[in-house]
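Each ligand, and each atom within it, is numbered from 1 in the order the structure gives.
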Amino acid sequence: MNDQALSKFAQNLRGRLIRSSDDDYDAARALYNAMIDKRPRLIARCVDAADVIAAVNFARTEGLLTAIRGGGHNGPGLGSCDDGLVIDLSVMRSIRVDPANKTVRVDGGCTSGDVDHATHAFGLAVPFGIVSTTGVAGLTLGGGTGYLTRKYGLTIDNLLEADVVLANGTFVTANRTQHPDLFWALRGGGGNFGVVTSFLFQAHPVKMVFAGPIFWDAAKDGKAVMRAYRDWLPTAPEEYGFFVGLKTVPPVDPFPKEHWGKRACAVIGAYNGPAADGQQGIGRLLKELPSPFFNWMGEMPYPMIQSLFDPFFPKGLQWYWKGDFVKTLPDQAIDTHIAQAAKAPSAFSLMHLYPIDGAVHRVAKDATAWSARDATWSMVIAGIDPDPKQADALKTWGRSYWNAVHPFNLAGGYVNFMMDDEVAGRLRAAYGENYQRLATVKAKYDPHNLFRVNQNIQPAAV
Ligand SMILES: Cc1cc2nc3c(=O)[nH]c(=O)nc-3n(C[C@H](O)[C@H](O)[C@H](O)COP(=O)(O)OP(=O)(O)OC[C@H]3O[C@@H](n4cnc5c(N)ncnc54)[C@H](O)[C@@H]3O)c2cc1C
């Protein structure tokens with residue numbers, strides 16, 4: 001690396017340039033998933049688009065491996081890299097809500113909790129994921145599923161525009177009329193096309209929701225619950241954003257002590273509407289089912305359900321992820337899920353099936369890069385534990401669970417639920433017929449693959 005170029009870069013940066021000799025280097029490089037331990041040469045903590053432009057130009061001219069960090073939540077740690085430059089947006093967190101147009105402008109380093117907080121004051125929300133510390137940038141660029149998805153679509157279906165610093169250092173705005181090819185690719189194609197410094201989202205009326213978890217005994221009632229949920233979902237109005245999962249009753253208050261550590265089947269979600277109506281619809285699901293361990297559904301502010309999981313999943317746990325798109329859930333698949341989940345190596349480990357029907361299906365498969373518009377659920381299997389010694393057990397369980405259920409699922413999976421050990425062809429399967437078009441857009445906007453620390457789309461040969 002050229003010393004003169006480095007000191008010029010450091011001087012011109014309004015944010016900080018963090019190096020391995022800095023006291024806070026370890027804190028700055030730490031990722032959400034403690035299974036991943038990367039040591040970047042430099043971390044450019046950008047404060048504005050000008051800093052991002054300087055960082056991209058420096059990385060390109062110095063030939064540095066380049067990673068882009070939003071919330072740092074990515075499973076395989078694709079927000080960082082070894083021995084390269086991290087363009088870190090984590091302090092770029094400004095938000096502006098436009099209540100008249102029901103839109104919100106969001107900086108590239110925001111978490112979903114940041115945005116939920118800002119929009120809630122105006123009785124608005126954008127569909128994001130279910131843990132509030134997740135970065136908006138990585139989540140959005142991969143697609144984005146959550147409690148509001150059935151009614152309002154994926155996060156990308158609510159993206160109106162993005163400001164992007166391209167690999168050649170130019171700054172562009174991508175929307176339906178400006179750089180429409182880039183705008184298409186950003187909606188699902190991940191961090192392949194440039195550094196997004198700002199997003200503009202459509203927001204929707206959401207204030208109080210009827211929401212929460214219901215847990216049953218997985219061994220005794222899991223099959224019945226999963227079947228009933230499967231049959232209920234297509235009949236439930238889209239205001240019901242409920243997923244089904246297999247997990248363990250956490251051995252902590254306020255969970256009932258007599259159930260601590262028991263394997264559970266859970267239905268968790270939010271109904272966006274009056275609590276009495278929400279209660280009625282859930283009643284239709286519950287009426288045929290045995291009594292749960294507990295039912296904690298109730299009326300709450302939307303940001304509360306959005307952060308329900310936060311205390312259980314602090315930064316620094318070990319995570320191993322596997323995902324798939326799921327179209328149907330035959331009884332045999334349910335039996336396989338129950339059997340595999342029962343072998344989980346830790347109390348934190350889980351399987352969730354997030355619904356991606358409703359509004360997601362009303363968008364054409366080729367309208368955005370994200371193409372799994374005919375799937376009903378996005379499945380995630382996550383082996384999770386605080387103890388690094390458990391890492392191998394988490395991987396072994398995740399892989400064997402996935403191998404057992406994959407034959408029931410579609411070929412592709414959600415890029416945001418992939419690690420870096422996917423079998424050949426998985427990324428192409430994730431994008432289906434859109435893959436080739438993504439490779440063509442990549443060749444136009446990042447022909448030398450500067451942005452390759454991601455679920456990488458190789459530029460098409462030109
Ligand atoms: C606890 C937990 C819960 C989750 N729940 C959900 C959920 O409910 N729904 C869901 O859809 N997903 C969920 N996810 C997955 C999540 O979407 C991905 O982990 C996502 O990559 C996180 O984005 P990030 O910005 O935090 O990640 P980072 O690690 O910062 O970055 C991830 C990727 O995005 C790219 N990137 C980041 N910022 C930018 C930017 N500004 N411009 C261009 N590229 C950028 C990077 O290149 C990298 O490849 C969850 C993840 C965790 C850990």
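- At the shortest separation from atom 46 (C) of ligand 1 among protein heavy atoms lies I68 O, 3.1 Å.
- Here R426 does not pair with D421 in a salt bridge; the nearest charged N to carboxylate O distance is not below 4.0 Å.
- The protein non-hydrogen atom at the shortest distance from atom 15 (C) of ligand 1 is N416 O, 3.8 Å.
- At a 4.0 Å heavy-atom cut-off, ligand 1 does not touch T197 at all.
- Of the heavy atoms in W319, only side-chain atoms (C-beta onward) come closer than 4.0 Å to ligand 1.
- Numbered from 1 in the order shown, with element, the atoms of ligand 1 that lie under 4.0 Å from a heavy atom of G72 read 24 (P), 26 (O), 27 (O), 28 (P), 29 (O), 30 (O).
- Residue Y32 touches ligand 1 through its side chain alone, judged by heavy-atom distances below 4.0 Å.
- Looking at M379 and N409, their side chains come closer than 4.5 Å, going by heavy atoms from C-beta outward.
- Under 4.0 Å from ligand 1, not a single heavy atom of F451 appears.
- The shortest contact between atom 48 (C) of ligand 1 and any protein heavy atom is with L78 O, 3.3 Å.
- The shortest contact between atom 42 (N) of ligand 1 and any protein heavy atom is with V196 N, 2.9 Å.
- Only the side chain of Y414 comes within contact range of ligand 1, with a heavy atom under 4.0 Å; no backbone atom does.
- With a heavy-atom cut-off of 4.0 Å, V131 touches ligand 1 through its side chain alone.
- Taking the centre of each ring, W377 and Y414 stay at or above the 6.0 Å mark.
- With a heavy-atom cut-off of 4.0 Å, T111 does not touch ligand 1 at all.
- Between D157 and R187, none of the side-chain N atoms (NZ, or NE/NH1/NH2) sits under 4.0 Å from a carboxylate O, so this pair counts as no salt bridge.
- Of all protein heavy atoms, the one lying nearest to atom 37 (C) of ligand 1 is G70 N, 3.5 Å.
- In W321, the part holding a heavy atom less than 4.0 Å from any atom of ligand 1 is the side chain.
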